[in-house]
Amino acid sequence: VGPFFQDKPRLTNMYLEDVTLKAYLKRIMPEEVLQAITPDLERFGRRVATDIGVLGRECELNPPYLTQYDAWGRRTDEVVTCQAWRTLHDISAEEGIIAIPYEREFGQWSRLYQVAKLHMFNPASGLYSCPLAMTDGATKVAELSGDSLLLERAYPHLVSRNPADFWTSGQWMTERRGGSDVANGTETIAVPQEDGTHRLYGYKWFSSATDADMTLTLARVMDNTGEVVQGTRGLSLFYLETRDSSGQLNNIQVQRLKNKLGTRQLPTGELLLDGTVAHKVSDEGRGVAAIADMLTITRIHNSLMASGCMRRLLNLARDYSTRRRVFGKLICEHPLHMQTLGRMETETRGATLLVLEVGRLLGLQDCQMASEQYQLMLRLLTPITKLYTAKQAVAVCSEGLESFGGQGYIEDTGLPTFLRDAQVLSIWEGTTNVLSHDVLRSLVKTKGAVLQAFYSDTAARLKQAVVKENLRPSCQAVELALHKTMAFAQKAASQEPAKLEVAA
Ligand code: MFK
Ligand code: FAD
């Protein structure tokens, strides 16, 4: 048989090994802020490569399950999660994953600090990152809506660093008729009650944070003749807690957990709402516009999952290339293999820089410091970054598995999880085509101003690069692309959305 056993790939520190992340933060952050957060980033970089990574793997190996009845036949609908999943809840609170951007200890830079941690945490977290994304989105909605119940009751739990107090939130938008076309697909009805609350009746087809403490969801308010308004103008946003003070479900039945290609760590369920007590957060008929603030946050988290997965798998592949020997030399000594890793590296760096830049803009918006130009850029770049990085992640994770040869296909290595989990990134939080429409929506609504903002920002950066760094030849192609973009922006200012789709 022979004594040979292949050495396995190893990670050491996801911060110290991430040249792109470190260089971006060094370039963009004030020195005193970077100095203050660096010890935490270095410590966390080690943690995600060690204990957090191990917990994430345990979540994959011990997926959640549903117990619908107790031994005596009573309906219980208990979602049973593993110990590692619950430990990740506690770690998320202690690490301030949600708290950091809302504490604003470092002002506008607090968001980027959180973004840096998420980029490292997401692919290690056994998809605890998913409920956290929605929790962050709900926190942002609480802040922006100014709704007193959300702010006084939920917000302190959402930003808590104490695991015993920390709440997670769900986001229930998708119903059987529509996950993209929420405006026409939502059948859930909200019946007003005398005490000012509403009772919800409907069927939520996908709920990923089924074990969450609260959720934001959409429903149509019934008027006193029993009628509801159809379409987007009939939708309002509601806040509800999933259990009452005695721990009983809030008239919610968990019908089943879904059997999925990936994201097996997550308890994604179908929920029947049968008189669920809820509190209206938005003005009537403004539900989609109100939940859009949540979508901005969750789409940025999605992009961070994409950039983080690519980085983690690539670091494993690079390490492996120094351990695996074929045709008489290490695979890192084969130019063709290094070209493959180099291409993955380019995609990963591009995605990372894009999402970090979006994080910088979000930090400015958080602190009401974003100029009009930056607000427009955030609006445009959020869907673009989400749709593009999701596609990149699938391609890079597929290539990444191949770079381990046959071992990349073997479950015990933990590697196949990267690919099946990446596949969801282009589906949830808006599919690629739906997000393409969102880009057009932003163009039409601002009469092309989103692209003009992007154009002038990029043109100014190019000018700087040409003058300072003598990059004239490589800038010319970008300049040409920018001019084309600008011409399209001008067209956008005068066209109907349907015609614009054809033009795009
Ligand atoms: C680590 C991983 C992280 C991620 C974890 C996630 C776990 C999975 C969770 C989910 O998948 S949750 C479900 C996510 N669902 C979606 O993303 C829905 C996808 N569909 C869309 O995005 C549709 O385009 C949309 C529902 C928004 C269409 O709705 P409408 O009502 O037909 O759109 P309409 O009429 O154009 O817009 C209504 C209002 O919302 C408008 O405002 P005004 O009334 O003031 O004009 C729009 O401007 C506004 N709006 C829509 N999208 C917006 C937006 N505002 C800002 N940003 C946006 N993106
Ligand atoms: P459809 O809208 O039916 O889309 C089918 C196809 O049509 C897609 O390719 C789409 O791109 C295309 N399409 C749709 N509209 C257009 C258009 N106008 N132009 C061109 N093409 C179009 N939802 C929640 O609310 N909460 C959750 O927690 C949640 N968790 C999820 C977890 C997982 C694992 C998955 C897979 C999904 C989850 N979802 C959740 C649902 C998810 O957000 C939706 O599945 C997604 O938004 C797509 O909606 P749909 O399934 O109805 O697809």
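Each ligand, and each atom within it, is numbered from 1 in the order the structure gives. Worth saying up front: this structure is predicted, and the values here are computed from it rather than measured.
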Decide whether [X] and [Y] meet the rule of one side-chain donor and one side-chain acceptor closer than 3.5 Å.
X	Y	value
Gln83	Arg86	yes
Glu103	Ser110	no
Asp211	His89	no
Gln365	Tyr374	no
Tyr128	Gln265	no
Trp172	Ser207	yes
Asp136	Tyr102	yes
Glu241	Tyr239	yes
Ser208	Thr268	yes

Which ligand 2 atoms, with their elements, are less than 4.0 angstrom from a heavy-atom of [X]?
X	result
His437	17 (C), 18 (N), 19 (N)
Val424	34 (C), 36 (C)
Ser207	28 (O)
Gly179	47 (O), 49 (O), 50 (P), 52 (O)
Val434	14 (C), 15 (N)
Gln171	24 (C), 25 (O), 26 (N), 27 (C), 28 (O)

Heavy atoms only: which of [options] lies closest to [atom]?
atom	options	answer
atom 14 (C) of ligand 2	Ser436, Ser180, Cys130	Ser180
atom 20 (N) of ligand 1	Ser207, Ala289, Cys309, Ser180	Ser180
atom 24 (O) of ligand 1	Arg441, His301, Lys445	Arg441
atom 11 (O) of ligand 2	Asp181, Leu271, Thr431, Thr263	Thr431
atom 45 (O) of ligand 2	Trp205, Phe206, Trp172	Phe206
atom 55 (N) of ligand 1	Gly137, Gly179, Gly308, Ala292	Ala292

Report the part of [X] (side chain from C-beta onward, or backbone N, CA, C, O) that has a heavy atom under 4.0 Å from ligand 1; answer both or neither where that applies.
X	result
Arg379	side chain
Met305	side chain
Leu295	side chain

Does Lys260 approach ligand 2 within less than 4.0 angstrom via side chain, backbone, both or neither, non-hydrogen atoms only?
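Just the side chain.
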
Can you tell which part of Ser208 has a heavy atom less than 4.0 Å from ligand 2: side chain, backbone, both or neither?
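Both parts.
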
Any N or O of [X] closer than 3.5 Å to N or O of ligand 1:
X	result
Arg299	yes
Thr232	yes
Asn302	no
Ser208	no
Arg286	yes
Asp438	yes
Gly430	yes
Arg233	yes

Which of the ligand 1 atoms, numbered from 1, are nearer than 4.0 Å to a heavy atom of [X]:
X	result
Met173	13 (C), 14 (C), 15 (N)
Ser129	1 (C)
Ala183	30 (P), 31 (O), 32 (O)
Cys130	5 (C), 7 (C)

So if I apply the side chain to side chain contact (heavy atoms under 4.5 Å, CB included) rule between Leu361 and each of Leu378, Asp366, Thr382, Leu112, which one comes out positive?
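Going through the options one by one, the only one that passes is Leu378.
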
Run through Lys117, Gln114, Arg161 and flag the one making a side-chain hydrogen bond (donor to acceptor under 3.5 Å, both in side chains) with Glu95.
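It is Lys117; the other options fail the test.
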
Mark yes or no: Arg176 above the aromatic ring of Tyr203, with NZ or CZ under 6.0 Å from the six-membered ring centre and no more than 45 degrees from the axis.
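Yes, Arg176 lies over the aromatic ring of Tyr203.
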
Return yes if some donor-acceptor pair links the side-chain N/O of Asp181 with the main-chain N/O of Gly185 below 3.5 Å, else return no.
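Between the backbone of Gly185 and the side chain of Asp181 there is no qualifying donor-acceptor contact (under 3.5 Å).
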
So, the side chain of Lys391 versus the backbone of Thr432: is there a donor-acceptor pair under 3.5 Å, distance only?
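Not a single qualifying donor-acceptor pair exists.
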
Protein non-hydrogen atom below 4.0 angstrom of atom 51 (C) of ligand 1 present
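Looking at atom 51 (C) of ligand 1, one finds that a protein heavy atom does lie closer than 4.0 Å.
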
